[in-house]
Amino acid sequence: MRPIPVVKAKNLAEALGYLADGGKPLAGGTDLLVAIRKGLEDPKLLVYVGELPELRVVQELAEGLEVGAALTHAELLAHPASERLPILREVLRTIGSPAIRAMGTLGGNLVTASPAGDSLVALYLLEARVRLVGPEGERELPVREFIVGPRKTALKNGELVRCVFLPYPEGQPHSFFRKVGRRRALVIAVASLGALVWVRSGRVERARLALGSVAPTVLRPQEVEEALVGRPVVPEAWVDLVPLLSATTHPISDLRASADYRRKVAGALLLDLANHLARL
């Protein structure tokens with residue numbers, strides 16, 4: 001593996017100049033450095049942006065929370081503003097180890113665009129918007145348009161993620177996140193399910209579901225979301241939706257799990273959600 005030079009950008013403008021010349025932004029490096037070692041990435045230059053103030057903002061706005069791309073998972077968890085987004089906190093607590101959470105960033109997870117990226121489940125549930133900056137100025141994309149495939153994004157040459165805008169959900173939805181893996185610690189999910197569920201008088205008023213590791217990108221099974229409306233929050237009332245949820249998935253078989261196993265786990269996680277809500 002050839003040595004790759006690293007430069008530390010003094011400001012955002014300088015960073016963008018390096019990116020326009022073929023550089024790759026580096027913050028925590030928990031995904032990028034692994035990809036380089038595996039030969040999946042071979043950048044001309046690494047541009048360290050992890051300390052740029054423009055990428056480390058946490059701003060509470062009336063409609064939601066703006067989180068800088070270089071803020072670490074641990075910093076976001078420790079910030080009082082994150083308490084308004086319980087689903088984000090639930091997901092961030094499960095990422096890697098304390099050391100990984102102290103280095104990894106929300107922006108890095110977005111750009112890696114792994115179907116198993118836990119934080120992406122929360123971003124899809126919150127219907128996050130990704131704010132980009134590049135040679136042509138700034139633009140914004142919904143997270144579902146930013147991630148276009150496994151390890152593929154809508155980033156243009158010379159662009160980087162400046163921040164992520166996380167809208168506050170209306171009302172007080174119940175939050176749920178669970179993932180299944182092959183071990184208890186440092187789990188890479190073979191399947192995961194996150195949910196925001198609004199409940200009134202013991203019945204589902206509205207639901208958002210997001211599945212990880214069962215499709216090329218995080219999956220929002222809208223047919224199941226719609227079918228849940230009006231149902232009582234008891235597992236027996238959801239049993240018929242298990243095959244429907246499984247059928248929406250498009251998993252692969254790999255060293256961690258077969259496609260069939262991932263489908264079955266996804267369906268079982270729906271009943272886990274029902275059990276969780278029934279106990280509240």
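In what follows, every heavy atom counts, from backbone to side chain, and hydrogens, waters and symmetry copies are set aside.
- Residue R231 holds its CZ atom at 12.0 Å from CD of E236, rounded to the nearest 0.5 Å.
- S246 places a side-chain N or O within 3.5 Å of a backbone atom of R263 that can act as its donor or acceptor partner.
- Follow the hydrophobic side-chain contacts under 4.5 Å out from L166 and you never reach V57; the two are in separate clusters.
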Determine, stepwise, if the pair L245 / L211 fulfils side-chain contact (heavy atoms from CB on, under 4.5 Å).
CA-CA 10 Å; L245 182 70; L211 290 155; 3.7 Å; yes

Could you go step by step and tell me if L193 and D272 meet the side-chain contact (heavy atoms from CB on, under 4.5 Å) rule?
CA-CA 9 Å; L193 174 66; D272 283 350; over 6 Å; no

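- Side chain of R262 to main chain of I252: a donor-acceptor pair is present (N/O by atom type, distance under 3.5 Å, no hydrogens or angles).
- By the 4.5 Å heavy-atom criterion applied to side chains, L160 and L12 are counted as neighbours.
- With sequence neighbours left out, the ring pair (Phe, Tyr, Trp, His ring centres under 6.0 Å) criterion links H174 to no other residue.
- Counting all heavy atoms, side chain and backbone alike, P235 lies closest to L271 at O-CD2, 3.8 Å.
- Annotation: the span from L45 atom CG to L19 atom CG amounts to 8.5 Å, rounded to 0.5 Å.
- Here the shortest heavy-atom pairing between P216 and P115 reads O-CG, 3.2 Å.
- The shortest distance between side-chain heavy atoms of F177 and L125 does not fall below 4.5 Å.
- Between the side chain of R200 and the backbone N or O of E205, no donor-acceptor pair lies under 3.5 Å.
- Clustering ILVMFWY residues whenever any of their side-chain heavy atoms sit less than 4.5 angstrom apart, transitively, puts V164 in a cluster other than the one holding L55.
- Residues forming a side-chain contact (heavy atoms from CB on, under 4.5 Å) with P86 (at least two apart in sequence, or on another chain): S175.
- With values rounded to the nearest 0.5 angstrom, D21 atom CG is found 12.5 Å from L16 atom CG.
- Every residue meeting the side-chain contact (heavy atoms from CB on, under 4.5 Å) condition with K152, not counting sequence neighbours, appears here in chain and number order: V148.
- Nearest heavy atoms, A210 versus Y124: CB-CB, 4.3 Å.
- Using modelled atom types, one side-chain atom of K179 and one backbone atom of T94 make a donor-acceptor pair closer than 3.5 Å.
- At a threshold of 4.5 Å between side-chain heavy atoms, the hydrophobic network of Ile, Leu, Val, Met, Phe, Trp and Tyr places V130 and F165 in two separate groups.
- Atom CD of residue E90 and atom CG of residue L77 lie 11.0 Å apart, to the nearest 0.5 angstrom.
- L132 and Y18 sit in two unconnected hydrophobic clusters of ILVMFWY residues. Membership requires side-chain heavy atoms under 4.5 Å apart, directly or through other members.
- Separation of atoms OG (S213) and CG (L219) is listed at 11.5 Å; rounding is to 0.5 Å.
- Between the side chain of T30 and the main chain of I100, no donor-acceptor pair closer than 3.5 Å is present.
- Atom OH of Y261 has 12 or fewer heavy atoms from other residues, nucleotides or ligands within 6.0 Å.
- Using a 4.5 Å heavy-atom threshold, the side chains of V161 and T153 count as separate.
- Side chain of T112 to main chain of S114: no donor-acceptor pair is present (N/O by atom type, distance under 3.5 Å, no hydrogens or angles).
- With sequence neighbours excluded, the residues satisfying ring pair (Phe, Tyr, Trp, His ring centres under 6.0 Å) with F176 are H276.
- Shown here are the side-chain contact (heavy atoms from CB on, under 4.5 Å) partners of R206, two or more places apart in sequence or in another chain: E170, W198, R208.
- R256 places a side-chain N or O within 3.5 Å of a backbone atom of A189 that can act as its donor or acceptor partner.
- Residue R131 is tested with E54, E140, E159, E138 for a salt bridge (charged side-chain N to carboxylate O under 4.0 Å, His left out); the sole match is E140.
- Both tests pass for R84 against the ring of Y168: distance under 6.0 Å to the centre and angle within 45° of the axis.
- Residues passing the side-chain contact (heavy atoms from CB on, under 4.5 Å) test with A81 are V58, E60, L65, H79, sequence neighbours excluded.
- D118 and V91 get closest at one heavy-atom pair: O-CG1, 3.1 Å.
- Proximity of W238 to V204: side-chain heavy atoms (C-beta onward) are separated by under 4.5 Å at one or more points.
- Summarising the local packing, CG of D240 is surrounded by more than 12 heavy atoms from other residues, nucleotides or ligands at distances under 6.0 Å.
- For the pair L209 and L270, the minimum side-chain heavy-atom distance is below 4.5 Å.
- Two residues are said to be in side-chain contact when any heavy atoms from C-beta on lie closer than 4.5 Å; T72 and R101 fail this criterion.
- Follow the hydrophobic side-chain contacts under 4.5 Å out from V6 and you reach I36 in the same cluster.
- The backbone N or O of L71 sits nowhere less than 3.5 Å from a side-chain atom of E75 that would complete a donor-acceptor pair.
- The nearest pair of heavy atoms linking A113 to I147 is CB-CG2, 4.0 Å.
- Looking at V197 and L228, their side chains never come closer than 4.5 Å, going by heavy atoms from C-beta outward.
- The nearest pair of heavy atoms linking A195 to I87 is O-CD1, 4.0 Å.
- Ionic pairing of D31 and R151 is not present here: no N-O contact between side-chain nitrogen and carboxylate oxygen is shorter than 4.0 angstrom.
- Between the side chain of T249 and the backbone N or O of P251 there is no donor-acceptor pair closer than 3.5 Å.
- Once rounded to the nearest 0.5 Å, the distance linking CD1 of I4 with NZ of K44 reads 13.0 Å.
- Using a 4.5 Å heavy-atom threshold, the side chains of N109 and I95 count as touching.
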